[in-house]
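Worksheet: the structure to be examined is printed underneath.
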Amino acid sequence: MVIHMPRIIQARQILKRSLSNGGSTPASMDIPKGYFAIYVGEQEKKRFVVPISILSEPRFQELLHQSEQEFGYNHPMGGITIPCSEDVFTDLASRFGAF
C-alpha cells in the first residue's frame, strides 16, 4: 500500500487551518482526543465526529480538496464542511472504519 505523504500533510494543514478559524465553542469540547468534527450535507449540515486516522485515506483527502475549493478555509459551521450528501459520506466513512 502506498501512502502519499504530501497529501496527508496537506490534509492535516487543512484541518489545522479550519480548527484555528473555528475558535473554541462548547460543541468542540465534546470531541475525544484523536477525533475531529466535520459537517456533512448538501442543504442541511449534520455534525460527525470522526477519527483523525481518516485523514490518511485518499478518498477522504479528495473530499477535503473539494471542501477547500468550495469553502476555502473559512467554513461557515466553524469546523470542516464536506460538500457531499450525508449518505455518501456515511458509506465512505464506514468503509474506512470511522463508525
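Bear in mind the structure is a predicted one, so any value in this text is a computation, not a measurement.
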### Message
Please find the pair of heavy atoms, one from Ile31 and one from Ala37, that lie closest to each other, and give the distance.
### Response
CD1-CB, 3.6 Å
### Message
The criterion is side-chain contact (heavy atoms from CB on, under 4.5 Å); which residues satisfy it with Ser53, sequence neighbours excluded?
### Response
Pro51
### Audit row: Val50, Phe36, side chain to side chain contact (heavy atoms under 4.5 Å, CB included) steps and yes/no
CA-CA 6 Å; Val50 295; Phe36 65 101; 3.7 Å; yes
#### Entry: From CD1 (Ile54) to CZ (Phe48), nearest 0.5 Å
10.5 Å
### Task
For the pair Ser67 (side chain) and Thr81 (backbone), establish whether a donor and an acceptor sit closer than 3.5 Å, ignoring hydrogens and angles.
yes
### Query
Got a donor-acceptor contact below 3.5 angstrom from the Gln61 side chain to the Leu55 backbone?
yes
### Task
May I ask you to test the Lys46-Phe89 pair for a side-chain heavy-atom distance under 4.5 Å?
no
### Task
Go through the structure and list residues passing side-chain hydrogen bond (donor to acceptor under 3.5 Å, both in side chains) with Gln69, not counting sequence neighbours.
His65
### Sequence-distant partners of Arg95, salt bridge (Lys or Arg N to Asp or Glu O under 4.0 Å), two or more places apart
Asp91
### Query
How far does CD of Glu86 sit from CD of Glu42, to the nearest 0.5 angstrom?
10.5 Å
### Query
Do Ile38 and Val88 belong to the same hydrophobic cluster, where Ile, Leu, Val, Met, Phe, Trp and Tyr are linked whenever their side-chain heavy atoms lie under 4.5 Å apart, directly or via other members?
no
### Value rounded to 0.5 Å, distance of CD1 in Ile82 from CZ in Phe60
4.5 Å
### Task
Can you sort out the partners of Leu92 under side-chain contact (heavy atoms from CB on, under 4.5 Å), two or more places apart, ordered by chain and number?
Arg59, Leu63, Phe96
